[in-house]
Q: 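This structure is in structure tokens; I'll ask about it shortly.
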Amino acid sequence: MKEPLAQAKEKLWAKIIDSINDIWPSIQVIFEQNDLVKEVTKAIQRVMAELGNMPKEASRIIQFLNSKNKYELQELDIADRIDTILEVKKVLTKRNLTM
């Protein structure tokens, strides 16, 4: 009686081990993805901290630049209004993507 029970246990454990071996690569991928998500979350938090309250400031800068004429911008050492506004809008876009 003990021998058939021992054989059944052996077969059962062999099947359990095979099942684990079959899914283990997927489990490893899940762990790797979890680590990547943690890294990305930290990066997003760093970007948000770096940008701070930039959307309000960026909007004010765009309004300011649009209110100045070519000569006033030259006095401020701003050679190209459009490039400057595009740079400001990049900040807004980064901020919006991290929200």
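All residue numbers refer to positions in the sequence shown, counting from 1. As a basis for the values below, the full set of heavy atoms in this structure was taken, side chains included, without hydrogen atoms, waters or symmetry mates. Keep in mind it's a predicted model, so treat the numbers as computed, not measured.
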Q: Could you list the donor-acceptor pairs under 3.5 angstrom formed by side chains in residues 18-35, with sequence neighbours left out?
A:
unit_1	atom_1	unit_2	atom_2	d
Ser19	OG	Lys15	O	3.0
Asn21	ND2	Ile17	O	3.3

Q: Measure the CD-CZ distance between Gln63 and Arg60 for me, rounded to the nearest 0.5 Å.
A: 9.0 Å
Q: Taking side-chain contact (heavy atoms from CB on, under 4.5 Å) as the definition, give me every residue that meets it alongside Ile82, ordered by chain and number, with sequence neighbours left out.
A: Asp80, Leu86
Q: Closest heavy-atom contact between Lys68 and Glu72?
A: CA-OE1, 3.3 Å
